[in-house]
Amino acid sequence: MIAQHFLKHMFLLSICTTFLMACKHDNQQAVSVAEKWRPAYHFTPDSMWMNDPNGLVYADGVYHLFYQYYPDSNVWGPMHWGHATSEDLVKWEHQPIALYPDSLGYIFSGSAVVDTGNTAGFGKNAMVAIFTHHNDKMEKAGSSVFQYQSIAYSTDGGNTFTKYVGNPVVKNPGIRDFRDPKVFWYAPGKHWVMVLAAYDRTKFYTSPDLKTWTQSGEFGRPGDDRLWECPDLVRLKVEGSDEYKWVLITSIQQRAPNGGTGTAYFVGDFDGKTFKGDVKKQKWADYGTDNYAMVTWAQTPGDRTLALGWMSNWLYAQNVPTTRWRSTMTIPRELSLVKDGDDHIMVSRAAAELKALEKGKMEVSNQPGLLAEDAGVHQSKISGKLTSTSEDVVFRLSNGKGEYLEFGYEGKTRRWFIDRSKAGVSAFYKGFASRHYGPEMPATKEHPYEVYLDATSIELFVDGGKMVMTDIFFSSEPFTRLERIGDGEVELEVFYLNNQD
Ligand code: FRU
């Protein structure tokens, strides 16, 4: 039965591939747009399984996006690093697979840096990937030290990598979950720093040369039963001041605000060795269900911090109804900090580069009722502001199948929400059809909002990015109508979005 299903799947896949090859477009993303559920401007692998973004690094005018990839199936398996590049964060080009599993194990998540000072001796400006080797054989044999950190280097701008002969560079000290190294250069100390997830905490290591690492500290929540993954440590400016704070981002595998996996953060300080912050003040970078493993680009020009997340949730990522490929990345987002009383909030906004996606404004009404009937709403940006009201403001996107997706603001509870309970296909996971709430917002008069829609995803940014919700959905036909329910005072503009010239 399973074999038959597999053969059928492979047969369909080969027809599909032949058809796509026959189209003979240069830009694979352009070929893909016609496929059901394929987003127009979000990154997806051309085919097969993808999870976390890895090795985000800017080198020589190019943004590199490596990612957890299994080229032999549309579910998770022996991990490779897939690779894509972009000059503008808007158009992505698929590149050959960068890292393959080897005798030390699968290639799990990690990061990449450009070694401008040639500290490792691989060559000036060598690109160095730092990743977890996950040794499946050892795990199956009952070992608990099957994850360790290794490096590989590229001297041709990330096209080909050579694994370092001295791997692993960080051995496992006896912790089952010991992975996802994120590395950056700490200029004041003239050393590299590695942030590593170690079950319920983050460990910090330093190195002069990317090859020898010494543990320098740890931060975490011993006793909390939740698993931390894919950490990152970034120095962010507090907007409107000269102050900088450090933010430890960490993904957490259980009990995110709307269930399953989510990306969290702590605001604090870093002395080059360890992060200091209040472990009780853990915040969520995203209140939706679908932004996991969010990490930042290394060595971005200017004082900018750009991040990307995997737009799915481990609760159902392997069951979503796309078959040729599985999973999408979020839009690239710019991170910064704003003051919030004595505290700080990390804000995320769409990267400014995404302005280039806007291909004209849609004619819309801003009165309650039908706002627009237009095939373009499916791939659009809706932005404006609500002026404070105790009423509910609900936006509804719908199609001719009676399916609809709603998002909006509940005046009485002061919470934003996304409701995908009637948005289409959901039987693949019990609980997928659900309504998700953000936190209670302060009682401000105006509520600016910005929403990015792209075939199967909605990314909602509120109050200049202080509250973000990212959700995926699978309508059986594209949404073509936009309506507004409720009388609140609303400003609204809608832009057509795509990444074609
Ligand atoms: C997070 C994660 C990482 C791991 C990778 C394996 O989604 O579980 O911790 O390195 O996926 O694919």
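Order of appearance sets the numbers: ligands from 1, and atoms from 1 within every ligand. Index from 1, following the sequence.
- Between H133 and D102, the closest side-chain pair of non-hydrogen atoms falls below 4.5 Å.
- Close approach of ligand 1 to F108 is summarised as follows: ligand atoms under 4.0 Å from at least one heavy atom of the residue are 4 (C), 6 (C), 10 (O).
- An N or O contact shorter than 3.5 Å is missing between Q253 and ligand 1 by distance.
- Of all protein heavy atoms, the one closest to atom 12 (O) of ligand 1 is Q68 OE1, 2.7 Å.
- Taking every heavy atom of M79 and a limit of under 4.0 angstrom, the matching atoms of ligand 1 come to 12 (O).
- Ring geometry for Y449 versus F407: interplanar angle of 30 to 60°, hence tilted.
- Side-chain contact between Y164 and V169: present, with at least one pair of heavy atoms (C-beta onward) separated by less than 4.5 Å.
- Checked options R304, R333, K91; the residue passing with E353 is R304 (criterion: salt bridge (Lys or Arg N to Asp or Glu O under 4.0 Å)).
- In the vicinity of R179, heavy-atom distances shorter than 4.0 Å reach the ligand 1 atoms 3 (C), 4 (C), 9 (O), 10 (O).
- Within the 4.0 Å heavy-atom criterion, neither part of T261 lies near ligand 1.
- Residues T296 and D232 have side chains that bring a donor and an acceptor to within less than 3.5 angstrom of each other.
- Per-residue contacts place D180 under 4.0 angstrom from the following atoms of ligand 1 (heavy atoms of the residue considered): 3 (C), 4 (C), 9 (O), 10 (O).
- Listed by number with element, the atoms of ligand 1 under 4.0 angstrom from any heavy atom of S109 are 5 (C), 10 (O).
- Ring pair F473/F432: centre-to-centre distance not below 6.0 Å.
- Regarding atom 1 (C) of ligand 1, its nearest protein heavy-atom neighbour is D52 OD2, 3.0 Å.
- If you look at W297 and Y63, their ring centroids are closer than 6.0 Å.
- Summary of contacts: the protein heavy atom closest to atom 8 (O) of ligand 1 is E229 OE2, 2.8 Å.
- Between the side chains of H436 and D471, at least one donor-acceptor pair of N or O atoms lies under 3.5 Å.
- Within the 4.0 Å heavy-atom shell around ligand 1 one does not find Y106.
- Each of the atoms 1 (C), 7 (O) of ligand 1 lies under 4.0 Å from some heavy atom of Y292.
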